[in-house]
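So the structure is just underneath, and the comments pick up after that.
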2 protein chains.
Amino acid sequence: MAPKHESNQCPMESILGQIMGPWTPYILWLLSNEESLRFGQLSALIPDISAKVLTDRLRKLEASGLVHRDYQPTVPPTVYYSLTDRGAELHEVLQGLNEVALRWDAEDRKKRLIPVTEIIAAE
Amino acid sequence: MAPKHESNQCPMESILGQIMGPWTPYILWLLSNEESLRFGQLSALIPDISAKVLTDRLRKLEASGLVHRDYQPTVPPTVYYSLTDRGAELHEVLQGLNEVALRWDAEDRKKRLIPVTEIIAAE
DNA sequence: GCAAGTAGTTACCTTTTGGTAACCATTGAA
DNA sequence: TTCAATGGTTACCAAAAGGTAACTACTTGC
């Protein structure tokens, strides 16, 4: 069974149930860096996600009150997604995570480059 | 297909691939609040997780270098899990997330209590 | 009159994930 | 002599998640 993140006890489990899962935090992070993003823009920024899954994630985030959906009945229709005030409260946490990600990435790159460096040094 | 978090481009996607998914951030958070926890303790702290899944998560975190496994060949065996230095770098982010979680939980509790308050006020 | 473009939805099928129960080793205690 | 205790593993099965292709609506431009 998937974690019963609804029924609970612990606030941490509850928030994790809302924002965890494949793609979800990534979507939140993209939205937290822009005023708003259209469906197609999100789709382009996350090439490996299918429309079905992207829709599903956005609907769930909307249901949790973290994302706002602004449907403009133009032709063709235009839909803007943005963080709600509550969603925006995740900005700092996501930035913090991104900083750790950048640090680890730099460290790992450096490690992976050592062999190359040795080859150059040996010439 | 599950997100291809290995092959990538973006550090944020990469870190999310390592720490996201059901139970994983929760395990990290529990470990970030203790020196170490034994398998059975983690199991007891997360009642809904099965041994199979807990093992799987711990093995993956170990493979990512975020968790250290200390097997003591006593009888019966004792295994201590703790965060590595890299894993410990997530502490602040997890604390930040927990603070947001506590705030939302308090807000939601307050909102859920309003009807009760109204009933009392109406008496 | 047909294609393009947006933001999806739906049905169908495959893959992945997770649960459950049984089993493992080893030794001390009842 | 048999049970309990720890930290798992394995096989088997059910459920959930996700991919793909087809289809929707509506109007503008070719």
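All values below were derived from every heavy atom in this structure, side-chain atoms included, with hydrogens, water molecules and symmetry-related copies excluded. Fair warning: this is a prediction, and the values are worked out from it, not measured in the lab. Letters A, B, ... are given to chains in the order of the sequence lines, protein chains preceding strands, and every chain is numbered from 1.
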Would you kindly give the [atom1]-to-[atom2] distance between [X] and [N], to the nearest whole Å?
X       : N      : atom1 : atom2 : answer
A:Met20 : D:dA17 : CE    : C1'   : 18 Å
A:Leu37 : C:dA7  : CG    : C1'   : 15 Å
B:Ile46 : C:dG19 : CD1   : P     : 12 Å
A:Asp56 : C:dA7  : CG    : P     : 18 Å
B:Trp23 : C:dG18 : CH2   : P     : 10 Å

OP1, OP2 of [N] versus side-chain N and O of [X]: anything below 4.0 Å?
X       : N      : answer
B:Tyr71 : C:dA25 : no
A:Arg38 : C:dT6  : no
A:Thr78 : C:dT6  : no
A:Arg59 : C:dT9  : yes
B:Thr55 : D:dG8  : no
A:Arg57 : D:dA17 : no

Original post:
In terms of the nearest nucleotide of DNA chain C, which residue is placed more toward the 5' end: A:Lys52 or A:Tyr80?
Top reply: A:Tyr80
Subject >> Given A:Leu37, A:Leu54, A:Val67, the one that forms side chain to side chain contact (heavy atoms under 4.5 Å, CB included) with A:Ile27 >> reply: A:Leu54
**OP:** Using a heavy-atom cut-off of under 4.0 Å over every strand shown, decide if B:Val75 touches base, sugar-phosphate, or nothing.
**Re:** base
Does the side chain of [X] come under 3.5 Å of the side chain of [Y] through a donor N or O and an acceptor N or O?
X        : Y       : result
A:Tyr81  : A:Arg69 : yes
B:Trp104 : A:Gln18 : no
B:Ser32  : B:His91 : yes

**OP:** Take A:Pro77 and B:Gly40, find for each the nucleotide of DNA chain D with the closest heavy atom, and name the residue whose nucleotide sits nearer the 5' end.
**Re:** B:Gly40
